[in-house]
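Comments concern the structure below.
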Amino acid sequence: MTTFKRDIARVIGPATGLDEAAIEGAITLPQHADQGNFSFPCFPLAKQLRKAPNLIAEELAKTLAPPAGFTRIEALSGYLNFFVDKADFARRVLSEVLLRGAAYGASDEGRGKRIVIDYSSPNMGKELAFHHLRGTMIGHSLSRVFARRGYAVERVNHLGDWGTSYGKLIVMFLREGMSPNELENLTIERLNGLYTSFSRAAEQDPTLEDQARQAFARLEAGDAEYYALWANFREVTLRELRRLYAILNVDFDAWVGEEFFANARHGKLQAALEVLESKKILVESQGAEVVDLEAFGMPPALIRKSDGSTLYITRDLAAALYRHEHYAFERCFYVVDNGQSLHFQQLFKVLELLGQEWHDRCEHVPFGLVLHKSEEGNWEKGKTRSGHSSLLKDVLEAARDKILAIMAEKNPEAAQKDGLALQIAVGALVFSELKNRRMNDIRFEWDQALSFEGDSGPYVQNAHVRLCSILRKAGRADKSISDKDLANLRWEIFADEESFAVLDLLAQFGDKVASAALSRDPCVLAQFVLSLADATHRFLHNSRVIGSPEENERLFLVRAAQSVLGQALEMIGVPAIESM
Ligand code: ARG
């Protein structure tokens, strides 16, 4: 795609004196066939040339010679519209997609640069709630997008594994007289149960909250027995997290939690506090140490409580300093819901006040909330503890079971396909989240989550499945393709509307990846996947492939569509399954 735009820019540049890169950037893809395949708006030229844009467009259309591979240039209401030679367009696009394979749509923009992406980062001791899926998958998708742009990506899970909630677990564990033996068989459900029984017991016995605080203080002070308990609780949670991440095909390069930045035994906290002290920006306020941010219209950043314990932001400060030193990042993204915007503004401001000139390379990538209906019927942020939020594993299982039931109805043998059903369930849930703009809130409703109609995961997966099954039948599934295979094809075969629509989208893949990176929003790719799935379904509906006189050529289009759709699906975390 970029090569087409570049060819156009090379023709417009010399005639107008405009910068060719700027021209490339201004070229758009028109919506209607009568506006050609690429458009250049002449409006910005009006001032410079002191002429009306439509006159400029008309003159240029008359004088410019179409670049190679284009048949004509037309002026329309201030736009210069370029029409491609469809056969040549097909040749260029298919050759590039098929010969470059997994490298098609990639770029080396990020060569030699590193990006840290902090995502998922759940609080430990609890199960993953459904709303955790969103940030997890946005971060996961962005990690793939930036890797494709040539960046070295470090995927970081900043686990919430420190804080008074661990004091609660310790208190309950000891109170219920659980033996070390039980520690070995401890499950995440049991841990959750400890939380619930703590809340219940604390209503009867108000001293429990204090006991929990004391237990956490003892843990912070380095008590070996408590630390062993803590490590166990963490491990139990991690086991369940890893199980779910494996289902989602999500992974991390570093699992470094808050404990690493808070616990004196790792030395990271002291380093951060020294920086804070040396810059003299800490002030005392009611016994606590804070950074005053009033001048910036923000509440103070509370760094250390009067009892000496640290806070979320303290740990994040230590983490940012550590990441900068450890990764020398070009960018550090925090994929965290927009409810934490103030926290990140404070964090970045404190880094700036500390003279860390790289503070502006840290970036909060916020996303809208997943809302659940409360008992009173209001839409509210999902909370795991108060119970009006569903667990991720429950939603996944319910979706899988429903899919299994649908499969069994259509094909009784398919009833055994548990694993496949789960992949379809993952696709359905992930797609329905990522097809929304990142900042939009979304409402979780069971009926809707389990409805697989319309613009759904199964619909886009099905387009991929159809392409795969044609390739299998034709024995072309894994065959490697070389220049020679593409010589002497009848490229004019692809000039029909449905084939051309697929090609047009394939050509846009690299631009879509670039735009997902720029907007930090996988939604761009999810929408692209949807368009490509639509175009694929339409093409297959209208054109017979196997057994048609055009079979040989069409199989190359099928292969190219499968390759790009498969890669795009994987980039948004929707499994590119090959049968269903
Ligand atoms: N554990 C936090 C939470 O669940 C999110 C952590 C995000 N990352 C960070 N570096 N603060 O709210």
Side-chain angles (χ1 to χ4, degrees), residues 115-140 142-143 154-166 169 188 191-192 195 230 233-234 237-238 240-241 244-245 250 252-263 266 268-269 272 301-303 310-327 329 331-351 356 358-359 361-370 380-386 389 391-392 438 520:
I115 285 191
V116 173
I117 308 188
D118 171 334
Y119 63 101
S120 201
S121 308
N123 293 333
M124 306 287 288
K126 286 184 256 168
E127 296 196 69
L128 277 193
F130 178 70
H131 67 253
H132 284 115
L133 183 64
R134 191 145 192 226
T136 302
M137 297 318 291
I138 292 174
H140 170 72
L142 290 181
S143 77
E154 298 290 340
R155 302 162 300 174
V156 176
N157 199 331
H158 185 77
L159 301 163
D161 56 4
W162 205 241
T164 26
S165 51
Y166 280 96
L169 288 180
I188 186 77
L191 268 187
N192 261 314
Y195 269 123
W230 169 86
F233 298 158
R234 184 181 194 267
T237 325
L238 274 179
E240 171 66 0
L241 276 180
L244 287 169
Y245 288 144
V250 164
F252 298 90
D253 303 297
W255 303 70
V256 185
E258 294 186 36
E259 186 262 348
F260 183 70
F261 300 106
N263 197 330
H266 305 299
K268 300 291 173 267
L269 181 68
L302 186 53
I303 301 293
T310 59
L311 290 107
Y312 182 46
I313 196 166
T314 324
R315 269 108 66 180
D316 254 331
L317 263 176
L321 293 167
Y322 168 82
R323 285 176 191 171
H324 179 254
E325 189 183 296
H326 194 73
Y327 296 117
F329 55 73
R331 289 260 148 200
C332 177
F333 295 138
Y334 297 81
V335 182
V336 185
D337 73 66
N338 62 19
Q340 295 197 24
S341 291
L342 176 62
H343 166 77
F344 287 106
Q345 281 164 27
Q346 291 177 305
L347 174 65
F348 303 156
K349 185 50 86 180
V350 174
L351 286 171
Q356 309 295 323
W358 46 269
H359 67 93
R361 285 194 252 145
C362 297
E363 188 179 323
H364 178 204
V365 179
F367 54 88
L369 301 173
V370 177
E380 290 172 0
K381 178 176 174 174
K383 287 195 200 80
T384 354
R385 221 70 70 71
S386 61
S389 162
L391 294 183
L392 176 56
R438 173 159 61 73
R520 330 277 194 237

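Heavy-atom basis, side chains included; hydrogens, waters and symmetry copies ignored. Counting starts at 1 for both ligands and their atoms, in listed order.
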Legend entry - Test ring-ring contact (aromatic ring centres under 6.0 Å, His included) applied to His343 and Tyr312, step by step: CA-CA 9 Å; His343 166 77; Tyr312 182 46; 4.3 Å; yes
Legend entry - Close-contact set for ligand 1 against Tyr312 heavy atoms, below 4.0 Å: 2 (C), 5 (C), 6 (C), 7 (C), 9 (C), 11 (N)
Inset, instruction - Look at atom 11 (N) of ligand 1 and find which of Leu159, Asp161, Asp316 reaches it with the closest heavy atom. - result: Asp316
Inset, instruction - For residues Tyr334 and His364, establish whether the separation of their ring centroids is below 6.0 Å. - result: no
Legend entry - Arg520 backbone acceptor or donor facing Arg438 side chain under 3.5 Å: yes
Legend entry - Geometric class of the His266/Phe260 ring pair [parallel <30°, tilted 30-60°, perpendicular >60°]: tilted
Legend entry - Exam field: side chain Arg361 to backbone Phe329, donor-acceptor pair closer than 3.5 Å: yes
Legend entry - Ser121 N/O to ligand 1 N/O under 3.5 Å: yes
Inset, instruction - Establish, yes or no, whether a centroid distance under 6.0 Å links the rings of Phe252 and Tyr245. - result: yes
Legend entry - Close approach, Arg315 and ligand 1, non-hydrogen under 4.0 angstrom: no
Legend entry - ligand 1 versus Phe344: contacting region, heavy-atom distance under 4.0 Å: side chain
Inset, instruction - Give yes or no for whether the N/O distance cutoff of 3.5 Å, strictly under, is met between Glu258 and ligand 1. - result: no
Inset, instruction - Could you tell me how the ring of Trp358 sits relative to the ring of His324: parallel (under 30°), tilted (30 to 60°) or perpendicular (over 60°)? - result: parallel
Inset, instruction - Examine Gln340 against ligand 1 and note whether any of their N/O atoms are separated by less than 3.5 Å. - result: yes
Legend entry - Close-contact set for ligand 1 against Tyr334 heavy atoms, below 4.0 Å: 10 (N)
Legend entry - Min N/O separation Asn123 to ligand 1 under 3.5 Å: yes
